[in-house]
S.K.: 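Dropping a structure here in structure tokens format, bear with me for questions.
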Amino acid sequence: MPTFEPRVLSGMRPTGALHLGHYFGPLVHWIELQNEGHYRCFFFSADWHALTTGYRDTADLKRYRREMIADWLAVGLDPAKVTIFAQAAVPEHAELSTLFGMFTPVPWLERVPSYKETRAELVDRDLSTIGFLGYPLLQTADISIYRATAVPVGEDQVAHVELSREVLRRFNAYYAEIFPEPKAIVSKVRRLPGLDGRKMSKSYNNAIYLTESAEEVKKKVMPAPTDPARVKRTDPGTPGKCNIYAYHRVVQPQTDLEEIAHGCRTAGIGCVDCKKRLLGRLEIIQAPIRAKKAEVMASGLADDVIAKGNSTARHEAQATMQRVREAMGL
Ligand code: TRP
Ligand code: SF4
């Protein structure tokens, strides 16, 4: 096996403004990787992946992408350190995905757990498409066209990276050893649940957006359910049974956390005050992000960053494709 430069690639589908679940999940992880400086990093908007399920209505895609990338910049991704780009601007991904499709057995794709799960979940649209079946294969092209060695992903994406490894192993065996087998790196960051305890998601309407105003955040947090055993102010509670506490766990320093847990168990603190304390902490996190986002949007920085990143990415992708075409006798 040749040795490969340590490289990270990851992406998100452009679904518009990001929420705190995106932040305390992938984004904190990406920023860590960026700042550690061990890997050369590529982060991109997975435009075509958004189309695999959202092919009927594409009117908002560009706006969503711009908004998402502005949020990335607002939380501290630094275009001087990492490459930020749009998948749709690098058509070589599609070429590579098509070539992988020549030797990838359909059952490998049908076996990926998210294939059946998502089809069962999104019953309102026809997902018996080539595009949706090929989702993980396109993802394999995204990763390998930059010869990424590591892919930061959530638990739900590990099976996709596993499939990528199999496809790339087969490529390397059949044609030439061009590709590293990427490893999935799953972040240790504790994930933030939605206000109702389910996964935080736009579609569940349980999300707090990164740049929402303090006023709006308050309107969402104050009515949220807490430990149902605390009916009266004097009833003691169990932090483990309260979703608000799940938030404290992610955002509070350890000493504050212990104080809150103790206050809850002894009825020393009421849920209203407990929530206000959470709001105070959220505001400390969100205020600078909100300010930076406004600056990014006003200056048109997001567009400049994407344009520059696209050109860097395309250059890399073209170099890989040159080698792939040669290896495959094209
Ligand atoms: N499937 C990923 C998600 O939904 C997005 C994605 C597309 C991706 N291509 C990728 C992530 C390549 C990592 C690497 O979150
Ligand atoms: Fe939840 Fe805080 Fe109320 Fe305890 S005091 S139940 S942690 S909101």
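Residues: numbered from 1 along the sequence shown. Just follow the structure's listing: the first ligand is 1, and inside any ligand the first atom is 1.
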S.K.: Taking everything shown except E110 itself, do over 12 heavy atoms lie less than 6.0 Å from its CD?
M.R.: yes

S.K.: Around L330, counting heavy atoms of other residues, nucleotides and ligands shown, do more than 12 lie under 6.0 Å from its CG?
M.R.: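 It does: L330 CG has more than 12 such atoms within range.
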
S.K.: Cation over ring, K202 on Y64, under 6.0 Å and within 45°?
M.R.: yes

S.K.: So F85 and F44, would you call those rings parallel, tilted or perpendicular, with 30° and 60° as cut-offs?
M.R.: parallel

S.K.: Hey, what polar pairs (N/O, under 3.5 Å) does ligand 1 make with protein?
M.R.:
residue	atom	partner	partner atom	Å
ligand 1	1 (N)	Y135	OH	2.6
ligand 1	1 (N)	Q139	OE1	3.3
ligand 1	1 (N)	Q157	OE1	2.9
ligand 1	4 (O)	R13	NE	3.2
ligand 1	4 (O)	R13	NH2	3.0
ligand 1	4 (O)	Y135	OH	3.0
ligand 1	9 (N)	D142	OD2	2.7

S.K.: Hey, are E216 and S213 close enough side-chain-wise for a donor-acceptor pair under 3.5 Å?
M.R.: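 Distance-only check passes for S213 and E216.
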
S.K.: Could you report the tightest heavy-atom contact between I244 and T226, atom names first, then the distance?
M.R.: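 So the two residues come closest at CG1-CG2, 4.0 Å.
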
S.K.: Under 3.5 Å, is there a donor-acceptor pair between the Q157 and Q139 side chains?
M.R.: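 A donor-acceptor contact under 3.5 Å links the two side chains.
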
S.K.: Does the cation-pi check pass for R198 over Y204, that is, NZ or CZ under 6.0 Å from the six-membered ring centre and within 45° of its axis?
M.R.: yes

S.K.: Tell me, which protein N/O/S atoms are under 2.8 Å away from atom 3 (Fe) of ligand 2?
M.R.: C271 SG

S.K.: Compute the ring centroids of F132 and Y115, then answer whether they are less than 6.0 Å apart.
M.R.: yes

